[in-house]
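Remarks on the structure that follows.
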Amino acid sequence: QVQLVESGGGLVQPGGSLRLSCAASGTFFGISTMGWYRQAFGKQRELVATITTSDSSGYADSVKGRFTISRDNAKNTVYLQMNSLKPEDTAVYHCNAEILVTPLSGRSTYWGQGTQVTVSS
């Protein structure tokens, strides 16, 4: 059974930093693109950042220059370094990953359970 488990959320003051981690566990053949999404209360889930296996990354305009996505393929883990946090960054952050469970299964998208990030003074 494949699972994604996030960690690193919490309460931080405006201007502060947090680092989120998301580790994939279970039995699978490989991981393709990984990403972070967020959902604020009463709003739709939105893309924050993605990263491919070749470390090509993309960001939402609202986080460019403040957030950095990275991955450690040996640890099956994706990170999100968040700097200069703003109150509008408050949301539940979810990671996702396209995972190939077996060579014949095709890629499936998996989601983590989410971690709360609250930016407030």
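Counting heavy atoms from C-beta on, the side chains of Val92 and Thr115 never come closer than 4.5 Å. Contact of the Arg71 side chain with the Thr77 side chain is not registered, since no non-hydrogen atoms from C-beta on lie closer than 4.5 Å. Between Val2 and Val101 there is a side-chain heavy-atom pair separated by less than 4.5 Å. Using a 4.5 Å heavy-atom cutoff, the side chains of Asn76 and Ile31 are in contact. A 4.5 Å side-chain heavy-atom check between Val78 and Ile51 finds at least one atom pair inside the cut-off. Residues Gln116 and Thr118 form a side-chain contact, since some pair of their non-hydrogen atoms from C-beta on lies under 4.5 Å apart.
Ring centroid separation for the pair Trp36 and Phe67 does not come in under the 6.0 Å cut-off.
Using a distance-only test at 3.5 Å, with no hydrogens or angles considered, a donor-acceptor pair links the side chain of Thr90 to the main chain of Val119. Checking side-chain atoms of Tyr59 against main-chain N and O of Ile69 turns up a donor-acceptor pair under 3.5 Å. Remark: the backbone N or O of Gly114 is paired with a side-chain donor or acceptor of Glu6 at under 3.5 angstrom.
Hydrophobic clustering (ILVMFWY, side-chain heavy atoms < 4.5 Å, transitive): Leu100 and Trp111 are in distinct clusters. A continuous path of hydrophobic side-chain contacts links Val63 to Leu20 [ILVMFWY only; heavy atoms under 4.5 Å].
Of the N and O atoms on the side chains of Arg38 and Tyr93, at least one donor lies less than 3.5 Å from an acceptor on the other residue. Remark: the Ser54 side chain and the Ser56 side chain contain no N/O donor-acceptor pair separated by less than 3.5 Å. Asn83 and Ser17 form a side-chain donor-acceptor contact under 3.5 Å, judged by distance and modelled atom types alone.
Rounded to the nearest 0.5 Å, atoms CD (Glu46) and OG (Ser62) are 5.5 Å apart. To the nearest 0.5 Å, atoms OG (Ser70) and CD (Gln81) are separated by 8.5 Å. Note that CD of Gln13 and OG of Ser120 are 8.5 Å apart. Values are rounded to the nearest 0.5 Å. Rounded to the nearest 0.5 Å, atoms CZ (Phe29) and OG (Ser105) are 9.5 Å apart. Here the OH-CE distance, from Tyr79 to Met34, works out to 9.5 Å after rounding to the nearest 0.5 Å.
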- Where do Arg107 and Ile99 land on the side-chain contact (heavy atoms from CB on, under 4.5 Å) test, with the steps shown first? CA-CA 5 Å; Arg107 294 193 186 98; Ile99 296 178; over 6 Å; no

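Between Lys86 and Asp89 there is no salt bridge, since no side-chain nitrogen of the basic residue lies less than 4.0 Å from a carboxylate oxygen of the acidic one.
Residues Pro14 and Ser121 share a closest heavy-atom pair of CD-N, 3.7 Å.
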